[in-house]
Amino acid sequence: MKNTLLLIVWILSVFVAACTTYQETHAVSERQLQIELETLKESSPNVPGFAVAVIENGELISSAIGVADPTGQAMTTDTPVRIASITKTFVAAAILRLSEEGRLDLDAPIGDFISIEHKVLLQSDGYDTQAITIRHLLMHASGMNDHAGTEAFQIAAFSDPSHGWTRTEQIRVLIDETEKLSEPGAAYHYSDTGYILLGEAIERLTDKPLGEAVLELNRLNDLRLESVRWEGELDVVPDSQDRAHQYLDGMDTYYVDGSIDAFGGGGIIASVEDVARYYDALFSGQVFATSETLREMMVAPGHPTESPYRLGLFARSLGDYQVYGHGGFWGTDVMIIPALRRVVSGVSLDQGGTAALRSRHNAIMLADDF
């Protein structure tokens, strides 16, 4: 009897210690996260749903609220969404993996990796394709403008949402609607078009469709991120993997053709949980062959002064910590504090709720302020 009581006391002490350790090592509890999402939803009633995933020291908690589609299907943290420009982190990592394998030099000119047609187009608008390097494009320092930010592209994309875009069409928008902004390496200018060119380079170097190449180079099979796919590269998508409806100020963009953003500036569909898992894997050494490659991604030697961008990552200070991450046009956001191995990934299903979502992400990253 005495031994039984001692065993029960020991089991209880282990349980209490485990709970205490969990609370000490996690920025939030699942219940806290759900309360925050309820508050967020109340303050953003026009947003159909939110989902957030948090990883700390390899442990994941997540929560979602609202609906994923007009039929009332519940939004979950497993529901895939278009992650838009968060794709750039995957693309940059793929380029760095090709560099590790000796298949390209980051300081090689982009003119060596794109079609003659695209070189001629870019040169016609004053871009020196032998001076613009892979590295310049990775850190948005090529001097190139951005086709996606033009009124002409946005009107065309949303007035004919079923149009299937090509890479060449989007480069032509850049040429027809914008001017060169600076010389290569001189300044930071965010450019989706630059990442379109990186996507072309990956395709030509690997002789594979862009999505297949990017996901393979990022070791997605090893990481078992089952929701992650490249839009348009699966013949049949299971109903269980159907993506959520994402809105632009109340306009349902579900039926906007994925080619609007599928050539390297965007293109990936994934759940918020798998985006968090990917960032955790990337920063814990599971993607690159060496830690030096990750450091290069985070530091981006030679980046323009005052630039917020590194190689496929935004970098900034938050409290006493350095934070890296990326946002996406369709209401997505991810950030990581490597020093804490803390990741938060989320989506607002209407772009109008993105700022509020990111504000909560900042609070979660600084656990004492949550």
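Scope of the values below: all heavy atoms of this structure, side chains included, with no hydrogens, waters or symmetry mates. Owing to the predicted nature of the structure, the values given are computational and were not obtained by experimental measurement.
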Rounded at 0.5 Å granularity, tell me how far [atom1] in [X] sits from [atom2] in [Y].
X	Y	atom1	atom2	value
Leu197	Ile132	CG	CD1	8.0 Å
Leu210	Trp230	CG	CH2	4.0 Å
Ser62	Glu30	OG	CD	6.0 Å
Ile65	Met75	CD1	CE	12.0 Å

Legend entry - Exceeds 12 heavy-atom contacts within 6.0 angstrom, atom OH of Tyr188: yes

Legend entry - Crowding at CZ, Arg204 (>12 non-hydrogen neighbours, <6.0 Å): yes

Inset, instruction - May I ask you to check if Arg243 and Tyr254 form a cation-pi contact, with NZ or CZ under 6.0 angstrom from the six-membered ring centre and within 45° of the axis? - result: yes

Legend entry - Trace of the salt bridge (charged side-chain N to carboxylate O under 4.0 Å, His left out) decision for Arg97 with Glu100: CA-CA 5 Å; Arg97 290 274 291 114; Glu100 283 188 327; 3.6 Å; yes

Inset, instruction - Dump the intermediate steps for side chain to side chain contact (heavy atoms under 4.5 Å, CB included) on Ile269 and Val228, then the final yes or no. - result: CA-CA 6 Å; Ile269 292 171; Val228 180; over 6 Å; no

Ion pair check, [X] and [Y], cut-off under 4.0 Å:
X	Y	result
Arg167	Glu117	no
Asp125	Lys180	no
Arg277	Asp274	yes
Arg172	Glu169	no

Under a 3.5 Å threshold, yes or no: a donor from one side chain and an acceptor from the other, between [X] and [Y]?
X	Y	result
Lys88	Tyr309	no
Ser85	Tyr195	no
Thr76	Asp78	no
His136	Thr133	yes
Ser271	Glu273	no
Thr129	Gln123	yes

Inset, instruction - Quickly, which of Val54, Ile55, Thr77 forms a side chain to side chain contact (heavy atoms under 4.5 Å, CB included) with Leu60? Name it, please. - result: Ile55

Inset, instruction - Treating Ile, Leu, Val, Met, Phe, Trp and Tyr as nodes and any side-chain heavy-atom pair under 4.5 angstrom as an edge, say whether Met298 and Val334 lie in one connected cluster. - result: yes

